[in-house]
2 protein chains.
Amino acid sequence: MPRRARRLGLEPDPTPPKQPLSTQRIVSAALEQMRDKGYEGVSMRSVARALDTGPASLYVHVSNRDDLDQLVLDQVMRLVDLPEPDAERWQEQVRHVARGMLAVYRAHPGTARAALALVPVYEGGLRTTEGLLAILLQGGVPARPAAWFCDLLGLYVAAVAYEEVLWEQREDGEGEESVVRRVADAFDQLPAGRYPVLAANVAAMAAGEGDDRFEFGLDVLLGGLVTAGARHAAG
Amino acid sequence: MPRRARRLGLEPDPTPPKQPLSTQRIVSAALEQMRDKGYEGVSMRSVARALDTGPASLYVHVSNRDDLDQLVLDQVMRLVDLPEPDAERWQEQVRHVARGMLAVYRAHPGTARAALALVPVYEGGLRTTEGLLAILLQGGVPARPAAWFCDLLGLYVAAVAYEEVLWEQREDGEGEESVVRRVADAFDQLPAGRYPVLAANVAAMAAGEGDDRFEFGLDVLLGGLVTAGARHAAG
DNA sequence: TTCGTTTGTAGAACAGTGTTCGTAAACGAA
DNA sequence: TTCGTTTACGAACACTGTTCTACAAACGAA
């Protein structure tokens, strides 16, 4: 506090002014930690520590841990480009938004996990839902299928992103005891007697290193929206 | 121990034999608690308490909390009926399995939450995946799309079930401060300036009380599988 | 039957978690 | 300058999953 320093007239304290807390600063710190240390690396205490304060101080600006996660997601989802709805290209536009969301999750590991945990009550951010809904409606999709589809797509993207993050954690060494490792082991030594079909198709399950799998999901969802939407409108 | 009672010859101790711990007993206790008190109502300590022991004792039979969750899911997913694959009716059979999984989640609240958390590394149980894969392959779906589709369907069913559980918790009173309540409030007072499309379609988003929404999702996924699968095979 | 050795049982403790309470300091209006 | 409200924060509460360690029971060999 400069005022106090002036008052005392000596020993300009080395600690900088220490700007006051704010929701924005808390969200930024949490986002940074999520990006660097993953979702489990973030706690109210660690965020408080980064801001050089105690955990109780956060609760003035943030009502909850869930609330904080939601604010972080809100912030990060602002980075997704939302094109102006164009009825001619609505399917490609939906793909564009979905890819944008995936890119954001990838660039900020940890947020994918938060999104998956919140997706049933949050749908991956109001802003992106708004943008998607506008595109779908412009494309002629009826309101109810369009709304439900937004849910579905948000869930799908978050799940794919989270799965990717887990696999990357495994590859980043030291994951000898990770969750993914256990799954991989379980797949390697599948009891062929009990699960013959699965054992015979392990390769197909594990396949899809790159974006093929994600794009396949987009194909399924969009193709299904067209056919199911048509049936819904007709029946 | 009856032997000791005979040895002492008096005071047949009132505590029953207290059968030894086992993985099965632990899983059953955990499942029961998940059904009655929801996912957050279960902890290693609460399970241990129900078995009249301390938490450390569980770790002999169960390596992990995640492990326990997975065992619980394995157990509960055994209840799902898996029909003999029939190429003529494969789509209806997929629907049947999906409905069976949803019914199981509904009958055991708390397991849906566990499944959603584990679904990226677990796919909703090896047994159901095996059954689904067999049906799809019999139906003529290529291996890779079939395998990926199993992932997708497992994710979808778990998410729908979890969402339903949250809404039921809200209706079961005392949920004044629940997560869903906050979402509902947020939807009620949507800033129409920032989210005009969303505000105009709140009804459509909230719609789908019964199974309509779930069945719509099935329509989308199955319809999309057919069209995308065709494209995948062709291109 | 006695003696190790293995196995299952738990109490206590560790290192964390989210959250609340009460108090102390800072700030803007009167 | 005083008052009232807002912000800050150390301490503490009630938990969590997990590990350490001592202890007792069970079992196979002598």
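Letters go in sequence order (proteins before strands), and every chain restarts at 1.
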Legend entry - Distance below 4.0 Å between A:N64 side-chain N/O and C:dG18 OP1 or OP2: no
For residues 192-204 of chain B, tabulate all N or O donor-acceptor pairs below 3.5 Å that involve a side-chain atom, not counting sequence neighbours.
none

Legend entry - Dot-bracket encoding of pairs in DNA chain D, which uses [ ] for pseudoknotted crossings and | for another strand, Watson-Crick or G-U under 3.5 angstrom: ||||||||||||||||||||||.|||||||
Legend entry - Whole angstrom value for the distance that separates C1' of D:dT21 from OH of B:Y59: 17 Å
Legend entry - Interatomic distance, A:L51 CG vs D:dC9 P [rounded to whole Å]: 10 Å
Inset, instruction - Would you please confirm or rule out a distance under 4.0 Å between OP1 or OP2 of D:dT6 and any side-chain N or O of A:H61? - result: no
Inset, instruction - May I ask you to verify if any side-chain N or O of B:S57 is less than 4.0 angstrom from the OP1 or OP2 atom of C:dA10? - result: yes
Inset, instruction - Report the distance from atom CG of A:L58 to atom P of D:dC9, rounded to the nearest whole Å. - result: 10 Å
Inset, instruction - List in chain and number order the residues that pass side-chain contact (heavy atoms from CB on, under 4.5 Å) with B:A48, two or more places apart in sequence or in another chain; answer none if no residue qualifies. - result: B:T53, B:P55, B:L58
Inset, instruction - List the atom of A:M101, the atom of A:G154, and the distance in Å for their closest heavy-atom pair. - result: CE-CA, 4.5 Å
Inset, instruction - Please tell me which of the listed nucleotides, D:dC9, D:dA8, C:dA10, lies nearest to the side chain of B:A56? - result: C:dA10
Inset, instruction - Could you pull out all residues at least two apart from B:Y156 that satisfy ring pair (Phe, Tyr, Trp, His ring centres under 6.0 Å)? - result: B:F214
Inset, instruction - Applying side-chain contact (heavy atoms from CB on, under 4.5 Å), name anything that partners B:H61, two or more places apart in sequence or on another chain. - result: B:L21, B:T23, B:I26
Legend entry - side-chain contact (heavy atoms from CB on, under 4.5 Å) involving B:R65 - partner list, sequence neighbours excluded: B:M34, B:Y39, B:V42, B:M44, B:D69
Tabulate atom names and distances for all N/O pairs under 3.5 angstrom spanning the protein and nucleotides 15-17 of chain C.
unit_1: C:dT17; atom_1: OP1; unit_2: A:S43; atom_2: OG; d: 2.9

Legend entry - Rounded distance (Å) that lies between atom C1' of D:dC15 and atom NZ of B:K37: 13 Å
Legend entry - Heavy-atom pair with the smallest gap, counting every atom of A:A30 and A:V72: CB-CG2, 3.9 Å
Inset, instruction - Please determine if a side-chain N or O atom of A:T53 lies less than 4.0 Å away from the OP1 or OP2 oxygen of D:dC9. - result: yes
Legend entry - Contacts of A:R49 that satisfy side-chain contact (heavy atoms from CB on, under 4.5 Å) - sequence neighbours left out: A:S46
Inset, instruction - Would you mind reading off the distance between A:D67 atom CG and C:dT20 atom C1', rounded to a whole angstrom? - result: 17 Å
Legend entry - Summary of salt bridge (Lys or Arg N to Asp or Glu O under 4.0 Å) pairs that have at least one residue in residues 98-121 of chain A, sequence neighbours excluded: A:E40-A:R113, A:E92-A:R99, A:R99-A:E215, A:R106-A:E164, A:R106-A:D211
